[in-house]
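Index from 1, following the sequence. When reading the values below, keep in mind they use all heavy atoms of this one structure, side chains included, and skip hydrogens, waters and symmetry mates. These figures come from a predicted structure and were not determined experimentally.
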Amino acid sequence: MERSSGGPAGVSSSRPRPLRPEEIAGAFRAPIEPVRIGPGYRLALLAVASAMLLLPVAYLGLAGLVAWGTLQHARHGHDRVADSSSFRLRALAYGGPIVAGVVVTLLLLKPLVARRGREEFVLELDPAAEPTLFQFVTRLCETVRAPVPRRIEVDLTANAAAGFQNGTAGFLTGRLTLRFGLLLARELSIRDFGGVLAHELGHFSQRGAMRVSFLIRTVHAWFARVVFERDAFDEGLEKSFSESHFVLVKLIVLLAIGSVWVTRGILWLFLAASHALCCVLLRQMEIDADRHEVRVAGSSSFQATLESIHVLDVPRTAYMARIVLAPRGCELPDDLPAAVSSLLSTGAEPLRAGVRSQLVSARTRAFDTHPSFRDRVRNAVAESAPGVLRLEGPASSLFSDFGATCRDATAGLYRHVLGRAAERIRLVPVEPAREERNADEGSEPALLRAFGSAVPELRALGPLALRPTVDRVDEASLCSHREVLLKSLDGAAARAAALSRARERLLLALRAQAIRDAGFQIPDDVRAPNPNSARAAFLSIAASLDPLFSLAASRIAMAMGFSLRSRRPEGERAGAAVLLPVFEAVDRTFEDVLALEEAHEMLGSLLSAYRHHPSRKTLFAEIRGRVAEIHAAVERLRARLGAIRDPFGDASPGASVFDRLMAADPVGGDPRRVHARAVRCVERYRALRRRILGRFALAAEQAERFLGLPPLPSPAEGDTHRTRPRDET
C-alpha cells in the first residue's frame, strides 16, 4: 500500500490531551450497586444451559443414527434386493442408500471439523503502549465487579464484546478478552464509551452465572455460525465450481453444494430449537447488561449512545462494501474511523433521523434475542441512575496516539480483506480532505455575496485582476470601494441570466451551423439564429458585466492585500498566495475552454445526426474535423496547465491542473468518447475556477471581519444563478 501525503501544509488533525494516571484513578466515584439476579433466574439459566448442552448431543446422535442406518443397510441390504431381476436396479437399490448415507453423515460431521472461513480482523493492543487505556479498563472492571481482561483488542466496527480468551481454555481459566470498535472510541465521550464497555463487562460480573451464560451463548452462536457462515469447505466448493471447466466435475460439485444445503436445513432446525430455548434469557441478559451501563454512565445519555452505535454502522457498512469492491490502484482512506466521522459531519442529522424512526418503530418479538430499542430505553430511564463515571472528554484521549492506532488498524483491515491486492491500494489522508471540504462549503456563499450571484463563469477576469495591492490599502478605501460595489450589485443576477441565455443562443447557432456544414437542410419551422449575430450579442452582454466583475475583483484584491499586510494567521495568508498564480494560469486559458465547449457542442449535434445517417461521407468528414478541433484545444490546455501543480489536497500527489481537468480521461479516437470527455473537461474547468474564486471571496470576508466589517448581503432567494449542467453522453 502506498501512503499519500496529500493535503496543504499546515493542516493537521486535532489531537486530544492525553489523560494523566491520577485522573483515571479518580474517574469513578465508587463501585456501582450490583445488579442482583434472583434464584429463579439462576435456576432458569441452569435449566436452559442443560437443555442447550443436550442439543449438540442430540445432533451427534442424529449423525450417529444416520451412520448406523447406513452400516446396517450395507450389511443386510443386499439380501433385500437379491430378488430383483435387473442388475442395475439391484445396484441402485443397494448402492444408492450407502452413498447417500455416507455423504449425509460426513456433511453432518463437517461443522465439527471444518475450519472457519476468513476470521474477523482484530488488532491486539500492547499494555506497555497504551497504559492509560488499560488502567481505565481495570478501574472500570473494579467498578462493575467484573474480572479484568487479559487482552484488549480493537477492530473497525461500531460495537463492543467481551468473551473468554481462546474459547474453552479461557472458560476453564476465567481469562477474558475485551474487544471494541475504534469508531466508538472516536465518536463517543469517555462517559458513554465507559458505559458501552461496562455493558459488555456486565455479562461477566456474576461469577457463577457468567460461565452458564457463556455456555448458552456459545452453543447458540455455534449453531448460528454453522448455519449462516461459510466455512473453508464451502469456500472450496464454490471455488471448484467457478474454476472447473469440466461439466461432470461441475455436476458433482453442484450435488455436493446441494447436500450441504440439506444439512444446513437440519442444522437450522436445531438452531430454531436453541433459539426458542434461550431467546427470553438472552433478552434478560441484555437488560441486566444495560443496567450496568446506565449505573456507570448515567441514564440520561443511554438513548443517544444507542442511537450513535446504530448510526455509525451505516457509513461503516458502506465503506466496507467499497473496500471489498476496490479496483486496482484506487484510493482508500488511511484512517477508516476518521473517514466515517468525516462523512457523518456532512449529513449526520438526516441519517440519525432515519435510523431513529426505524428504531422507534421496532417492537420486541417473541423470538428476538435483544429487546427492542424502546424497551431498552424505557428500562434505562426507569433506572434513573446518575452514573459514577466523572471523567469528561473524548474517548480517544484514552489512547497514547489514537490516530496512529486507527491507521494501523485500517491498513491491517485492507490487508486482511484484499490480500495481495492491498499492495496496489493508495492510502489517502482523511483530515486534509475534510479541511478542504469545510473550506469549500464556506466559500460558495462568500462567492455569491462577492459577485451578487453573477459569478464570472462565462467571462475571463483578465491578468492581474485579483493581484493584491499591499502598499496602498487602508480601511477607509476598502469601505468606500465596498459601497460602490454594493450599488453595482443591483440587478447583477438578471444580467448574469441574460448572459447565460445569450451563450445558449450562440451554442444553438453553432449546432445548427454544424448540421448545415454537413449537408443537411434545417427545417423552416426551426428558427436557428445566425452564429455571427449570436456571438456579437453574447460578447456585448459580457462586456456590460465587465465593470461589475472588475469592481468585485478589486474589492477581493484589496481585502486580500490588507490580509497579507496585517498579522493575520499564517494559514490564511499562505492560502491566497498559493492559489493566486494557479488562478491566473487557469484564467488565461478561458478562451481555449470556450472554444473546446463550442467544438464539443457542434460534435454532439453531428453525432445525433450520424445515428440516423451513418453512411454520409460529408457528415463523417465533419465529425473528424470537430474531433481534431477538440484534440487541438486539449493540447493547448496541456501546454498551458500541464506544468501547474494542482493546489488542492484532494488531488493525487504531483498532479497538475491539467490532470484534474482530464481526470485520467485520455482523449482517444472514438468520437463519442471524445465528446463525453470534452464535456467533462469543461465542467471540471468551471468547477475548479469557481472553487478558487470562492476561496478568494472567503479570504476577503475573513480579512474584512478582522476589520469589523460585516459580510456583503446574500443574494435574494431565487437570484442565485449558475450555468446549466451538461449531460455526460
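Rounding to the nearest 0.5 Å places NE2 of H675 at 7.5 Å from OG of S608. Atom CZ of R186 sits about 10.5 Å away from atom CG of L336, to the nearest 0.5 Å. The distance from the CD atom of E584 to the CG atom of L461 is 10.5 Å, given to the nearest 0.5 Å. In this structure, CG in L619 is found 11.0 Å from CZ in R624, a value given to the nearest 0.5 Å. From D517, atom CG reaches atom CE of M602 across 6.0 Å, with rounding to the nearest 0.5 Å. The line from CE of M662 to CG of L641 is 12.0 Å long, rounded to the nearest 0.5 Å.
For the residue pair S341 and E187, a side-chain donor N or O sits within less than 3.5 Å of a side-chain acceptor on the partner. Side-chain atoms of R516 and Q513 form a donor-acceptor pair, as typed in the model, at a separation below 3.5 Å.
One N or O on the side chain of R640 and one on the backbone of R588 form a donor-acceptor pair closer than 3.5 Å. One N or O on the side chain of D659 and one on the backbone of S656 form a donor-acceptor pair closer than 3.5 Å. Formation of a donor-acceptor pair under 3.5 Å by the R684 side chain with backbone atoms of L661 is found in this model. Judged purely by atom type and a 3.5 angstrom limit, Y414 has no side-chain atom pairing as donor or acceptor with the backbone of L427. Under a 3.5 Å cut-off, the side chain of S540 and the backbone N or O of A536 do not form any donor-acceptor pair. Looking at S443, its side chain never comes within 3.5 Å of a backbone N or O of L698 through a donor-acceptor pair. For S500 (side chain) and A497 (main-chain N/O), no donor-acceptor pair under 3.5 Å exists by modelled atom type.
In terms of the side chain to side chain donor-acceptor pair (under 3.5 Å) criterion, residue partners of R636 (sequence neighbours excluded) are, by chain and number, D592.
In summary, E635 and R638 engage in a salt bridge, as defined by a charged side-chain N under 4.0 Å from a carboxylate O. Checked for salt-bridge contact, R626 and E629 meet the test: a charged N lies under 4.0 Å from a carboxylate O. Taking 4.0 Å as the cut-off between side-chain N and carboxylate O, R503 and E601 do not count as a salt-bridged pair. Salt-bridge check for R690 with E457: passed, with a basic side-chain N closer than 4.0 Å to an acidic carboxylate O. Salt bridge present: R686 and E597 bring a charged side-chain N and a carboxylate O closer than 4.0 Å.
Closest non-hydrogen pair, Y685 versus V586, comes out as OH-O, 2.7 Å. Minimum heavy-atom separation, L485 to A450: CD2-O, 4.1 Å. Taking all atoms of both residues into account, the shortest heavy-atom contact from I515 to S605 is CD1-O, 3.6 Å. Contact record, F538 with A502: CA-CB, 3.9 Å, taken as the closest heavy-atom pair. In plain terms, the two heavy atoms of D587 and A460 that are nearest each other are OD1-CA, 3.7 Å. Nearest heavy-atom pair, P529 versus A509, reported as atom, atom and distance to 0.1 Å: O-CB, 3.3 Å.
Side-chain atoms of F583 and R689, non-hydrogen and from C-beta on, do get closer than 4.5 Å to each other. Residues P337 and L156 meet the side-chain proximity criterion, which asks for heavy atoms closer than 4.5 Å. Annotation: side chain of F451 is not in contact with side chain of L712 (no heavy-atom distance under 4.5 Å). Between F620 and L606, every side-chain heavy-atom pair lies at or beyond the 4.5 Å cut-off. Using a 4.5 Å cut-off on side-chain heavy atoms (C-beta onward), L709 and C479 make contact. By the 4.5 Å heavy-atom criterion applied to side chains, V682 and L596 are counted as neighbours. Side-chain contact between T410 and P333: absent, with no pair of heavy atoms (C-beta onward) separated by less than 4.5 Å. Here the side chains of L548 and R495 are in contact, with some heavy-atom distance below 4.5 Å.
Note on residues 478-488: pairs passing side-chain hydrogen bond (donor to acceptor under 3.5 Å, both in side chains), not counting sequence neighbours, are R482-E704. Sorted by first and then second residue, the salt bridge (charged side-chain N to carboxylate O under 4.0 Å, His left out) pairs involving residues 538-554 (not counting sequence neighbours) are R459-D546.
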Problem - Residues E622, L603; criterion side-chain contact (heavy atoms from CB on, under 4.5 Å); working and verdict - result: CA-CA 8 Å; E622 286 293 322; L603 176 60; over 6 Å; no

Handout entry: Test log, rule side-chain contact (heavy atoms from CB on, under 4.5 Å), inputs F402 and D335
Key = CA-CA 10 Å; F402 183 71; D335 184 341; over 6 Å; no

Handout entry: Residue pair S400, T405: steps toward the side-chain contact (heavy atoms from CB on, under 4.5 Å) verdict
Key = CA-CA 9 Å; S400 299; T405 302; over 6 Å; no

Practice task
Take R555 and L551 through the test side-chain contact (heavy atoms from CB on, under 4.5 Å) and record every step on the way to the result.
Solution key: CA-CA 6 Å; R555 170 252 170 178; L551 278 172; over 6 Å; no

